[in-house]
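None of these values were measured; they are calculated from a predicted model.
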Amino acid sequence: MAKKKKQKKSRASKGRRRWRQLSFGGKIWRVLWVSLLVVWGFTVVQVLFCALFNPPLTPLMVKRFFQQVGDPERTVRFERDYVPISQISDNLVNAVVVSEDGLFMYHHGFDIRQMKMAYIESKKGRRERGGSTISQQTAKNCFLPHNHSMLRKAVEAYYTSLIELVWGKKRIMECYLNIIEFGDGIYGCEAASQYYFHHSAAKLSKREAALLAACLPTPLKSNPAHPSRYLSRQASVVQGRMSAYGRVKLDARREDLTPRYVKMMEEENLWDFAWWVLTDGESLHKKKK
């Protein structure tokens with residue numbers, strides 16, 4: 001025991017001597033890479049934990065709670081009931097794919113073509129289209145606050161790549177449907193199904209699934225149980241796409257997917273998009289001059 005204590009003290013003293021011998025720049029560099037390593041390790045632990053368990057809370061849940069508490073006209077509500085993907089109707093899986101991300105089974109987390117179209121529209125001052133895939137939405141809802149900074153987008157891209165690598169499509173869809181917001185204080189498909197239709201998510205009909213999917217862009221303004229004309233029309237569009245798209249097979253192997261779509265998704269990656277944004281931004285800057 002005494003020898004071990006002496007060895008630990010000698011190692012600690014050597015570490016202090018090495019630290020004192022470092023230049024100021026060397027100390028900054030050491031702190032920087034150790035901090036990055038710690039942050040990276042923390043994110044990996046987060047993703048591994050959520051590969052097995054749904055998050056107890058998400059940043060959006062916390063944000064909505066404080067918004068409800070601070071607004072006397074809003075009811076403080078927290079409806080959430082996690083269920084495995086086996087207890088979620090295929091109709092809902094189909095509905096959210098055709099509504100939110102038709103190429104979900106083909107991409108590696110990012111739909112570059114949609115991202116480019118969203119970027120062009122935002123530059124022209126038009127209404128921004130949703131360029132985010134279900135994988136990106138899952139990463140954002142699970143790990144990140146809902147703001148619109150470039151830093152958040154960059155971190156979202158990192159988490160998206162990580163969950164695509166570690167989780168796979170089936171787990172991504174399961175987590176997405178369990179944490180996504182379906183109303184003010186209503187999170188996940190099971191809570192939404194019980195709240196709006198008074199039965200479990202396993203029993204959702206095509207129409208009910210289409211209504212839930214149609215409300216996702218504006219969950220705080222939509223009521224699938226009593227849909228507005230607009231929401232009803234959007235649900236009908238989703239329902240029509242569901243029939244044309246067919247059943248989504250979350251366990252499908254890549255070689256069993258449609259080759260044309262697989263090839264299309266492999267043509268460009270996130271680095272290509274980043275380079276495209278930089279070069280496009282430079283050309284826009286030159287045009288202004």
Side-chain angles (χ1 to χ4, degrees), residues 40 43 47 93-177 179-180 213 216-217 237-238 241-242 244-246 248-287:
W40 174 79
T43 62
V47 170
V93 175
N94 194 349
V96 296
V97 167
V98 302
S99 175
E100 297 290 300
D101 184 6
L103 293 172
F104 173 68
M105 292 300 300
Y106 298 90
H107 60 64
H108 294 289
F110 308 94
D111 188 339
I112 304 301
R113 297 189 181 193
Q114 286 294 322
M115 290 170 67
K116 284 184 176 181
M117 292 172 71
Y119 177 83
I120 291 170
E121 288 187 1
S122 66
K123 283 294 182 182
K124 291 181 178 179
R126 297 176 184 172
R127 182 181 177 183
E128 293 186 23
R129 72 168 61 227
S132 295
T133 63
I134 285 175
S135 301
Q136 288 173 279
Q137 293 179 52
T138 304
K140 177 182 71 175
N141 280 282
C142 194
F143 303 111
L144 302 169
H146 282 224
N147 55 46
H148 298 284
S149 68
M150 291 302 295
L151 176 61
R152 200 271 293 164
K153 279 289 185 183
V155 178
E156 177 190 300
Y158 165 74
Y159 272 112
T160 300
S161 301
L162 203 54
I163 65 174
E164 279 278 341
L165 178 66
V166 177
W167 293 5
K169 296 296 184 182
K170 190 172 184 178
R171 175 56 187 156
I172 290 173
M173 178 60 71
E174 182 178 58
C175 187
Y176 173 77
L177 291 177
I179 65 174
I180 197 71
L216 288 177
V237 171
V238 172
R241 290 176 182 172
M242 289 167 65
Y245 194 96
V248 178
K249 298 178 181 178
L250 296 174
D251 290 321
R253 297 176 301 174
R254 197 160 182 80
E255 54 266 30
D256 295 332
L257 299 173
T258 307
R260 178 166 63 94
Y261 292 123
V262 172
K263 184 179 179 181
M264 183 174 70
M265 289 293 98
E266 290 177 346
E267 287 177 356
E268 294 180 298
N269 57 40
L270 194 60
W271 298 111
D272 296 320
F273 174 74
W275 175 250
W276 178 84
V277 168
L278 289 173
T279 54
D280 184 64
E282 184 179 350
S283 65
L284 288 171
H285 183 68
K286 287 179 181 179
K287 286 180 181 178

Inset, instruction - Return the minimal non-hydrogen interatomic distance between Trp276 and Thr279, and the atom names on each side. - result: O-OG1, 3.0 Å
Legend entry - Nearest heavy-atom neighbours spanning Val47 and Leu162: CG2-CD2, 3.5 Å
Legend entry - side-chain contact (heavy atoms from CB on, under 4.5 Å) involving Arg241 - partner list, sequence neighbours excluded: Val98, Val237
Legend entry - Residue list, ring-ring contact (aromatic ring centres under 6.0 Å, His included) with Tyr159, at least two apart or on another chain: Phe143
Legend entry - Gap separating the CG atom of Asn269 from the NE2 atom of His108, nearest 0.5 angstrom: 9.5 Å
Inset, instruction - Could you walk me through whether Val93 and Leu250 pass the side chain to side chain contact (heavy atoms under 4.5 Å, CB included) test, one step at a time? - result: CA-CA 9 Å; Val93 175; Leu250 296 174; 4.2 Å; yes
Inset, instruction - Please list, chain by chain and in numerical order, all residues satisfying side-chain contact (heavy atoms from CB on, under 4.5 Å) with Ala252, sequence neighbours excluded. - result: Met105, Lys249, Leu257
Legend entry - Partner set under side-chain contact (heavy atoms from CB on, under 4.5 Å) for Ser99, not counting sequence neighbours: Ala213, Val238
Inset, instruction - Write down the atom of Met173, the atom of Ile134, and the distance for their closest heavy-atom approach. - result: CE-CD1, 3.9 Å
Inset, instruction - Just grab all the salt bridge (charged side-chain N to carboxylate O under 4.0 Å, His left out) pairs involving residues 134-144, residues at least two apart or on different chains. - result: none
Legend entry - All pairs passing salt bridge (charged side-chain N to carboxylate O under 4.0 Å, His left out) where residues 143-157 contributes a residue, at least two apart: Arg152-Glu156
Inset, instruction - Report the residues that fulfil side-chain contact (heavy atoms from CB on, under 4.5 Å) with Arg260, sequence neighbours left out, ordered by chain and then residue number. - result: Thr258
Inset, instruction - Looking only at non-hydrogen atoms, find the nearest pair between Lys169 and Ser135 and report the distance. - result: NZ-OG, 4.2 Å
Inset, instruction - With sequence neighbours excluded, tell me which residues meet side chain to side chain donor-acceptor pair (under 3.5 Å) with Thr160. - result: none
Inset, instruction - Kindly compute the distance separating CH2 (Trp275) from CG (Asp272), expressed to the nearest 0.5 Å. - result: 11.0 Å
Legend entry - Closest contact, heavy atoms only, Met242 versus Ala95: SD-CB, 3.7 Å
Inset, instruction - Specify the closest pair of heavy atoms between Trp167 and Cys142, including all atoms of both residues, with the distance to one decimal. - result: CH2-SG, 4.3 Å
Legend entry - Cationic N near anionic O, under 4.0 Å, Glu266 to Lys263: no
Legend entry - Rounded distance (nearest 0.5 Å) linking atom CZ of Phe110 with atom CD of Glu164: 8.0 Å
Inset, instruction - Kindly compute the distance separating NZ (Lys116) from CD (Glu268), expressed to the nearest 0.5 Å. - result: 3.5 Å
Legend entry - Qualifying residues under ring-ring contact (aromatic ring centres under 6.0 Å, His included), relative to Tyr261, sequence neighbours excluded: Tyr106
Legend entry - Enclosure of Arg253 CZ (heavy-atom neighbours >12, cutoff 6.0 Å): no
Legend entry - Distance (rounded to the nearest 0.5 Å) between Tyr176 OH and Asp101 CG: 8.5 Å
Legend entry - From Val96, Ile172, Thr133, residue fulfilling side-chain contact (heavy atoms from CB on, under 4.5 Å) relative to Phe104: Ile172
Legend entry - Check against side chain to side chain contact (heavy atoms under 4.5 Å, CB included), Met264 and Leu103: CA-CA 10 Å; Met264 183 174 70; Leu103 293 172; 3.5 Å; yes
Legend entry - side chain to side chain donor-acceptor pair (under 3.5 Å) involving Tyr158 - partner list, sequence neighbours excluded: Thr43
